[in-house]
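In this chain, residues are counted from 1 in sequence order. Nothing here was measured: the structure is a model prediction, and the numbers come from that model.
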Amino acid sequence: RKEGDKIEVKTMPSVQAFRAWKLALRDEVASVSGDPERGFAWILQSEARGAALATLADSGEFPTLDAKLAAALSKATTGEFARRINILKEEHAAKGQLLKGRQILFLIYQHYRTSEVEGHMLDFQDLLAVVMVQEDLKRFLNDWEITLAGMAAVPSDDVLETLFRR
């Protein structure tokens, strides 16, 4: 299957919207890759434990996809973070190297990850923010499941039950 021409990425989101942004990005990269299963596994490497800027310099089997991702993510970054990415691009270019898309994505993930403990607190705050609005049970259950699926450490069943019933 042929690789798509372009990756569409929304502007970097707020902390609260980051999880949904990340899920959408994974789907976009997988669908454009030409081989969704391998493309999905490839993009997950940028968020794997042990991932590092240096290891992500190798595009593996998707060099053109990595370049498309870099272009799309460069457009999605804003403010001080965008300036930081541009400085890194210049530093890489001075050494004759290209800053790759998965490297930029790794930096974006680092930008949103404050610390593991704060991350767990943010996860828990995300779960606390899941409430039913206007008796929309389907939306509540979807929000609940998506939030739980993205948590690094899921609370115990009794805590979950208490939060679910509130």
Side-chain angles (χ1 to χ4, degrees), residues 1-127 129 142-143 145-154:
R1 214 173 106 181
K2 184 181 180 287
E3 186 177 290
D5 293 333
K6 186 176 179 186
I7 295 175
E8 298 285 337
V9 178
K10 292 187 178 192
T11 302
M12 285 176 55
S14 65
V15 173
Q16 295 83 2
F18 177 67
R19 185 173 288 135
W21 182 90
K22 183 167 82 168
L23 293 172
L25 177 73
R26 287 177 185 163
D27 290 345
E28 177 72 7
V29 169
S31 70
V32 171
S33 72
D35 184 338
E37 292 293 327
R38 289 189 3 230
F40 186 72
W42 176 83
I43 198 64
L44 285 179
Q45 291 172 5
S46 59
E47 60 188 85
R49 235 187 238 304
L53 208 57
T55 59
L56 295 169
D58 179 359
S59 299
E61 62 184 301
F62 294 106
T64 56
L65 189 65
D66 217 358
K68 291 171 191 172
L69 181 61
L73 290 173
S74 293
K75 292 175 190 169
T77 59
T78 59
E80 192 56 42
F81 185 77
R83 283 187 280 286
R84 184 173 153 218
I85 295 298
N86 286 334
I87 290 167
L88 278 171
K89 283 180 172 182
E90 287 293 340
E91 290 172 353
H92 276 70
K95 295 184 264 181
Q97 300 170 342
L98 182 66
L99 186 64
K100 308 289 179 64
R102 290 189 309 167
Q103 290 177 303
I104 296 171
L105 186 58
F106 173 78
L107 293 169
I108 289 171
Y109 290 159
Q110 293 301 308
H111 177 73
Y112 282 93
R113 182 181 296 132
T114 47
S115 76
E116 198 157 319
V117 171
E118 288 173 337
H120 291 309
M121 290 302 295
L122 289 174
D123 283 348
F124 195 72
Q125 287 174 346
D126 288 347
L127 192 58
N142 284 337
D143 290 348
E145 291 298 324
I146 287 171
T147 303
L148 285 177
M151 292 181 78
V154 177

Atom pair CD/CZ of Glu47 and Arg49 - distance to nearest 0.5 Å: 12.0 Å

Mark yes or no for whether Lys68, through its side chain, and Gly4, through its backbone, hold a donor-acceptor pair below 3.5 Å. yes

Flag side-chain contact, heavy atom, 4.5 Å: Tyr112 against Trp21: no

Closer than 3.5 angstrom, by distance alone: can the side chain of Glu28 be matched with the main-chain N or O of Ile7 as a donor-acceptor pair? no

I want to check something: taking the side chain as every heavy atom from C-beta on, are Tyr109 and Lys22 in contact at a cut-off of under 4.5 Å? yes

Go through it in stages, so that I can follow the logic: the residues are Ile108 and Met12, the test is side-chain contact (heavy atoms from CB on, under 4.5 Å), and I'd like the CA-CA distance, side-chain angles, deciding distance and then a yes or no. CA-CA 9 Å; Ile108 289 171; Met12 285 176 55; 4.2 Å; yes

Minimum heavy-atom distance between Ser46 and Leu105, given as atom pair plus value: OG-CD2, 3.2 Å

Do Leu25 and Val9 have side chains that get closer than 4.5 Å, going by heavy atoms? yes

Determine whether a donor-acceptor pair (N or O, by modelled atom type, separation under 3.5 Å) exists between the side chain of Asp66 and the backbone of Lys100. no

Flag the pair Phe40 / Val29 as yes when at least one side-chain heavy-atom distance between them is below 4.5 Å, and no otherwise. no

Report yes if the side chains of Arg26 and Leu23 come closer than 4.5 Å at any heavy-atom pair, otherwise no. yes

Under 3.5 Å donor-acceptor, Trp42 side chain and Ala30 backbone: no

Could you tell me whether the side chain of Arg38 and the main chain of Phe62 form a donor-acceptor pair under 3.5 Å? no

Here the pair of heavy atoms bringing Gly101 nearest to Leu73 is O-CD1, 3.4 Å

Look only at the side chain of Ser31 and the backbone of Asp27, and say whether a donor-acceptor pair between them is shorter than 3.5 Å. yes

Are the side chains of Leu88 and Glu90 in touch, meaning some heavy atoms are under 4.5 Å apart? no

Distance in Å, Asn86 CG paired with Arg83 CZ, rounded so as to fall on 0.5 Å steps: 9.0 Å

Measuring only between side-chain heavy atoms, which start at C-beta, is Glu91 closer than 4.5 Å to Gln97? no

For residues Met151 and Leu127, report the shortest heavy-atom separation together with the two atoms involved. SD-CD2, 4.1 Å

Distance-minimising heavy-atom pair for Lys89 and Leu99: CG-CD2, 3.8 Å

Which of parallel (below 30°), tilted (30 to 60°) and perpendicular (above 60°) describes Phe81 and His111? tilted

Evaluate Glu61 against Asp35 for side-chain contact (heavy atoms from CB on, under 4.5 Å), listing each step before the verdict. CA-CA 11 Å; Glu61 62 184 301; Asp35 184 338; 5.7 Å; no

Is the closest side-chain heavy-atom distance between Leu69 and Ile43 below 4.5 Å? yes

Just by distance, with hydrogens left out, do Glu3 and Ser33 show a side-chain donor and acceptor under 3.5 Å apart? no

Contact summary for Asp58 and Arg102, nearest pair of heavy atoms: O-NH2, 2.7 Å

At what distance, to the nearest 0.5 angstrom, does CD1 of Ile104 lie from OG of Ser74? 4.0 Å

